[in-house]
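What follows is a single structure, written as C-alpha cells, with notes after it.
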Amino acid sequence: MTEIRNIVILTGAGISAESGIDTFRDAGGLWEQHRVEDVATPEGFARDPDLVLGFYDMRRAALAKVQPNAAHRALARLETEFSGDLLIVTQNVDDLHERGGAKRVLHMHGELKSALCLSCEMRGPWDAPMLDRPPCPVCQARSLRPDVVWFGEMPYQMDRIYRALREADLFVSIGTSGAVYPAAGFVRDARELGARTLELNLERSEGSHWFHESRQGPAGELVPEWVDEVLGG
Ligand code: OAD
C-alpha cells in the first residue's frame with residue numbers, strides 16, 4: 001500500500017448512533033418523527049418558529065445526556081497520532097467529535113450549540129433554549145435561530161472542504177446514508193481527484209458503489225479497527 005499522507009474523513013449520523021442520538025433515515029429516525037419541511041427548512045421556520053426552535057432546543061438539551069463512543073475517540077486518537085494531514089468533515093450538529101477529543105473538525109451543517117442572529121449575523125456559541133426568544137449577545141435583537149444548515153441553504157466552508165478533497169490521498173466516509181448533497185458527492189469528487197475511498201457504515205449506503213472499498217458494521221467497532229490499521233501499517 002502506498003503511504004497515506006492526507007486523510008479527509010466525512011462523518012454522518014451513524015457515527016453518533018451508538019451514543020444514543022437518533023439518525024435521520026433509519027427506522028424510527030428523526031425524519032420519521034418530524035417532517036423535514038416543518039423543522040429543517042427556512043420556510044418551515046417562517047411558518048412556525050416555535051415548532052422549529054422547540055425542536056432544536058430539545059436536540060440541544062439531549063446532548064447533555066449522551067457521551068462520545070469508541071468511534072469518536074478512535075478518530076481523535078488518529079488525529080493525534082497520525083503524522084500526516086487529517087480533516088474531519090462532519091454533517092452532524094452534535095458536539096461528540098470535540099468531546100471525544102478531536103480538534104480538526106469542520107461542521108458543514110452547523111452546530112446545535114451555536115446561534116445565528118438574523119438581525120446582525122452574529123454567529124457564536126450557544127447552550128440555552130431559544131424558544132423564549134433570548135436577546136442576541138451582540139445586538140440585543142430577539143432574533144436568534146439555531147446555527148444549523150437547513151435544506152435550501154448553503155453548507156458551511158465548502159471552499160475549504162474542496163481544497164482538502166483535492167489534497168486527499170484517502171477519503172473515508174463513516175455512518176452516512178449518502179442521501180444528501182453536496183456531502184454525498186464527496187466520494188466521487190475525491191475519487192476523480194485521485195484519492196482512495198473507503199466506506200465504513202452499518203449497511204451499504206446509497207453511493208456505496210462509488211467507493212473502492214466498503215465495510216459494513218457498527219462504527220464503534222469498524223472505526224477503531226481501521227484506525228489501528230492506519231497507525232500500525
Ligand atoms: P442518515 O440517517 O441519512 O444515515 C445514517 C447512516 O448511518 C445510515 O446509512 C445507517 O445505516 C448508518 N448507521 C446507523 N447506525 C450506525 C452505526 N452504529 N454505525 C455505523 N453506521 C450506522 O444520516 P446522515 O447521512 O448523517 O442534514 O444524513 C445526512 C443529512 O441528512 C444530515 O446531516 C441532515 C439530514 O437531513 C440536514 O439536516 C441539513
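Just so you know, ligand 1 is whichever comes first in the structure, and atom 1 is the first atom listed for that ligand. From a predicted model like this one, the values you see are computed outputs, not experimental measurements.
Tested against Thr11, the residues His72, His97, Gln91 include a single side chain to side chain donor-acceptor pair (under 3.5 Å) partner, His97.
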Going by atom type alone, with no hydrogens or angles, which donor-acceptor pairs under 3.5 Å involve a side-chain atom of residues 145-157 and a protein atom two or more places apart or on another chain?
| from | atom 1 | to | atom 2 | distance (Å) |
| --- | --- | --- | --- | --- |
| Arg145 | NH1 | Glu153 | OE2 | 2.8 |
| Arg145 | NH2 | Val148 | O | 2.6 |
| Arg145 | NH2 | Glu153 | OE1 | 3.1 |
| Asp147 | OD1 | Arg123 | NE | 3.4 |
| Asp147 | OD1 | Tyr156 | OH | 2.5 |
| Asp147 | OD2 | Ser114 | OG | 2.7 |
| Asp147 | OD2 | Arg123 | NE | 2.9 |
| Asp147 | OD2 | Arg123 | NH2 | 3.4 |
| Trp150 | NE1 | Tyr56 | OH | 2.9 |
| Glu153 | OE1 | Trp150 | N | 2.8 |
| Gln157 | OE1 | Arg160 | NH1 | 3.4 |

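Remark: the Glu199 side chain and the Thr197 side chain contain no N/O donor-acceptor pair separated by less than 3.5 Å.
Classification of the Tyr162-Phe186 ring pair by plane angle, with boundaries at 30° and 60°, yields perpendicular.
With hydrophobic clusters built from ILVMFWY side chains whose heavy atoms lie under 4.5 angstrom apart, Val105 does not share a cluster with Met108.
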May I have a table of the N/O to N/O pairs between ligand 1 and the protein that fall below 3.5 Å, each row giving the two atom names and the distance to 0.1 Å?
| from | atom 1 | to | atom 2 | distance (Å) |
| --- | --- | --- | --- | --- |
| ligand 1 | 2 (O) | Phe24 | N | 2.7 |
| ligand 1 | 2 (O) | Arg25 | N | 2.8 |
| ligand 1 | 3 (O) | Arg25 | NH1 | 2.7 |
| ligand 1 | 3 (O) | Ser177 | OG | 2.6 |
| ligand 1 | 4 (O) | Ser177 | N | 3.4 |
| ligand 1 | 7 (O) | Gly175 | O | 3.4 |
| ligand 1 | 9 (O) | Asn201 | ND2 | 2.9 |
| ligand 1 | 11 (O) | Glu203 | OE2 | 3.1 |
| ligand 1 | 18 (N) | Glu18 | OE2 | 2.9 |
| ligand 1 | 19 (N) | Ala219 | N | 2.8 |
| ligand 1 | 21 (N) | Leu202 | N | 3.2 |
| ligand 1 | 25 (O) | Thr176 | OG1 | 2.6 |
| ligand 1 | 25 (O) | Ser177 | N | 2.9 |
| ligand 1 | 25 (O) | Ser177 | OG | 3.4 |
| ligand 1 | 26 (O) | Ala13 | N | 2.8 |
| ligand 1 | 28 (O) | Arg25 | NH1 | 3.2 |
| ligand 1 | 31 (O) | Arg25 | NH1 | 3.0 |
| ligand 1 | 31 (O) | Arg25 | NH2 | 3.2 |
| ligand 1 | 33 (O) | Gln91 | O | 3.3 |
| ligand 1 | 33 (O) | His109 | ND1 | 2.8 |
| ligand 1 | 36 (O) | Arg25 | NH2 | 3.3 |
| ligand 1 | 36 (O) | Trp31 | NE1 | 2.9 |

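By the 4.0 Å N-to-carboxylate-O rule, Arg60 lies too far from Asp95 to be salt-bridged with it.
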